[in-house]
Amino acid sequence: MAGIGTLAAGQWEEIVATSPDIQTGGTRGIFAGGYPISDVIDYINVSSTGNAIAFDTLTNGAQMIGGGCGSRTRGLFGGQTQPAVVNTVDGVEISSTGSQFDYGDLSVARLFAAQLSNQTRGITAGGGTPAFVNIIDYFTIATSGTTAEDFGDLIHGGGHQQGACASPTRGVIMDANAPTNSQMEFITISTLGNGSDFGDSHLQQGGAGGASNAIRGIFAGGYKSPATSYNNISYVTIATLGDSKDFGDLTDSSGELAGCASPTRIAWGTRLSPGNGRVNTIQYLTIMTLGNTVDFGDLTTGRSGGGGTSNGHGGL
């Protein structure tokens with residue numbers, strides 16, 4: 001054949017076809033921990049449907065409302081109660097079952113924190129001790145055995161059960177403290193500093209489960225008051241500012257959700273359904289369309305408030 005680039009005519013060259021999916025075994029979603037206090041870690045293939053498979057167990061029984069972040073190879077879950085509130089961050093190698101390890105510590109022991117990341121840096125924002133905490137921590141995902149460092153503060157006061165999502169450059173966090181007027185703020189992941197105002201939830205949606213691809217962030221379920229969860233789903237465009245817009249509905253009213261994403265799809269598990277208690281059902285939607293969620297399959301155990309991440313979320 002004719003020469004290619006600097007190759008001589010007739011010389012063959014092997015072309016290596018690779019992609020993040022090939023390198024990591026596909027878009028794998030992880031659901032870790034939950035309540036009743038559980039050390040269970042499950043996994044799914046986000047791009048398909050079916051029941052979750054047992055992955056490993058956390059260091060101790062742990063509850064984490066919505067916490068979870070990671071790179072294409074590693075997932076991190078921090079802000080836990082076992083039942084005492086601790087600063088432990090657990091890690092997993094996403095492509096390998098049975099790979100749980102003690103990653104490091106948050107700067108302050110807390111639970112119910114929001115977590116987001118790009119490929120390099122993980123962010124833990126807010127949470128409670130149980131008193132509300134507005135601290136934002138960061139850590140380098142590839143480096144373990146460390147204590148998270150100070151990033152800045154949330155301007156809306158932090159709190160329990162915050163939803164979060166990210167693009168490779170920006171993280172968006174939905175405030176959980178004001179379910180009658182929920183605010184959102186954003187950070188630039190690669191810098192340091194306090195959050196900045198993003199807009200408001202048009203649904204007054206506190207305590208929603210967040211996830212995203214690189215373009216659109218989606219917040220599902222949550223609470224309009226401490227005693228009432230609901231089924232609304234809202235979305236934002238991460239690169240812009242403004243209030244959220246209506247996306248569709250969950251299959252039923254749900255709070256305390258954990259989400260994991262591929263570039264095209266989000267799956268939510270570990271959730272609290274007021275009519276059915278803590279359930280094992282997983283539901284999913286297609287990110288760039290509008291509409292209601294569809295049944296995905298079941299977790300290995302029914303629980304709410306776990307952490308969720310994947311090797312294909314919007315921050316990567």
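This chain uses plain numbering: 1 for the first residue, then up along the sequence. This structure is a prediction, so every number in the text was calculated from the model and none was measured.
- Annotation: side chain of Arg278 is not in contact with side chain of Ser273 (no heavy-atom distance under 4.5 Å).
- At least one donor-acceptor pair under 3.5 Å links the side chain of Gln119 to the backbone N or O of Arg72.
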Residues Phe139, Ile123; criterion side chain to side chain contact (heavy atoms under 4.5 Å, CB included); working and verdict: CA-CA 7 Å; Phe139 35 79; Ile123 303 290; over 6 Å; no
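- Between His202 and Val236, the closest side-chain pair of non-hydrogen atoms is not below 4.5 Å.
- The two residues Ile238 and Cys165 come nearest to each other via the heavy atoms CD1-SG, 4.3 Å.
- Without hydrogens or angle criteria, His313 side chain to Gly70 main chain gives a donor-acceptor distance under 3.5 Å.
- Ser212 and Arg216 get closest at one heavy-atom pair: CB-O, 3.1 Å.
- At a threshold of 4.5 Å between non-hydrogen side-chain atoms, the residues Ile218 and Ile287 count as touching.
- Although no hydrogens or angles enter the test, the distance criterion places a donor-acceptor pair under 3.5 Å between the side chain of Arg303 and the main chain of Gly33.
- The CD1 atom of Ile173 sits 10.0 Å away from atom CD1 of Ile155, with the distance rounded to the nearest 0.5 Å.
- Linking ILVMFWY side-chain heavy atoms closer than 4.5 Å, directly or via other members, places Val294 and Ile282 in a single hydrophobic cluster.
- Under 3.5 Å, the side chains of Gln100 and Thr59 contain a donor-acceptor pair of N or O atoms.
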Do Asp137 and Phe151 pass the side chain to side chain contact (heavy atoms under 4.5 Å, CB included) test, and can you show the C-alpha distance, the side-chain angles, and the key distance before you say yes or no? CA-CA 5 Å; Asp137 283 349; Phe151 183 98; over 6 Å; no
Ile233/Leu250 under side chain to side chain contact (heavy atoms under 4.5 Å, CB included): CA gap, chis, key distance, verdict: CA-CA 7 Å; Ile233 306 170; Leu250 296 164; 4.1 Å; yes
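- If you chain together hydrophobic residues whose side chains sit under 4.5 Å apart, Leu76 and Leu106 fall into the same group.
- The OH atom of Tyr138 lies 11.5 Å from the OG atom of Ser107; values are rounded to the nearest 0.5 Å.
- Side-chain atoms of Asn51 come within 3.5 Å of backbone N or O of Asp298 as a donor-acceptor pair.
- In this structure a side-chain-to-backbone donor-acceptor pair under 3.5 Å is present from Thr129 to Ala131.
- Of the inter-residue distances, the one linking Arg121 atom CZ with Ser71 atom OG reads 14.5 Å to the nearest 0.5 angstrom.
- When all heavy atoms are compared, the tightest approach of Ser201 to Met174 is CB-CE, 3.8 Å.
- The main-chain N or O of Met288 is never found under 3.5 Å from a side-chain atom of Thr286 such that the two would form a donor-acceptor pair.
- Taking the side chain as every heavy atom from C-beta outward, Asp249 and Thr293 never approach each other to under 4.5 Å.
- A donor-acceptor contact closer than 3.5 angstrom is absent between the side chains of Thr88 and Gln80.
- Counting heavy atoms from C-beta on, the side chains of Phe77 and Val92 come closer than 4.5 Å.
- Residues Val46 and Tyr284 are members of one and the same hydrophobic cluster, defined by side-chain heavy-atom contacts under 4.5 angstrom among Ile, Leu, Val, Met, Phe, Trp and Tyr.
- In this structure, CD1 on Ile53 lies 12.0 Å from CG on Leu299, to the nearest 0.5 angstrom.
- Judged by distance alone, the side chain of Arg271 and the main-chain N or O of Gly269 form no donor-acceptor pair under 3.5 Å.
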Do Ser167 and Ile215 pass the side chain to side chain contact (heavy atoms under 4.5 Å, CB included) test, and can you show the C-alpha distance, the side-chain angles, and the key distance before you say yes or no? CA-CA 7 Å; Ser167 71; Ile215 299 169; over 6 Å; no
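- Residues Asn118 and Thr169 form no side-chain contact, since every pair of their non-hydrogen atoms from C-beta on lies 4.5 Å or further apart.
- The two residues Ser310 and Gly29 come nearest to each other via the heavy atoms CB-CA, 4.0 Å.
- Met184 and Asp200 make their closest contact through CE-O, 3.3 Å (heavy atoms, listed as atom of the first residue, atom of the second, distance).
- Defined by atom type and a distance below 3.5 Å, a donor-acceptor pair is present between the side-chain atoms of Glu256 and Ser304.
- Under 3.5 Å, the side chains of Arg265 and Thr27 contain no donor-acceptor pair of N or O atoms.
- A distance of 10.5 Å separates CD in Gln162 from CZ in Phe219, rounded to the nearest 0.5 Å.
- Hydrophobic clustering (ILVMFWY, side-chain heavy atoms < 4.5 Å, transitive): Val89 and Leu111 are in distinct clusters.
- Using a 4.5 Å cut-off between side-chain heavy atoms of Ile, Leu, Val, Met, Phe, Trp and Tyr, with links allowed through other members, Phe186 and Leu154 fall into different hydrophobic clusters.
- Closest heavy-atom contact between Phe296 and Asn45: CZ-O, 3.3 Å.
- From Gln283, atom CD reaches atom OG of Ser254 across 5.5 Å, with rounding to the nearest 0.5 Å.
- Remark: the backbone N or O of Leu58 is not paired with any side-chain donor or acceptor of Asp90 at under 3.5 angstrom.
- Taking the side chain as every heavy atom from C-beta outward, Asp42 and Phe55 never approach each other to under 4.5 Å.
- Distance alone, capped at 3.5 Å, places no donor-acceptor pair between the Asn213 side chain and the Thr264 backbone.
- At distances below 3.5 Å, not a single donor-acceptor pair connects side-chain atoms of Glu185 with backbone N or O atoms of Val172.
- Sorted by first then second residue, the ring-ring contact (aromatic ring centres under 6.0 Å, His included) pairs that include residues 232-252, not counting sequence neighbours, number zero.
- Looking at heavy atoms from C-beta onward, Asn311 lies out of side-chain contact with Thr73 at the 4.5 angstrom threshold.
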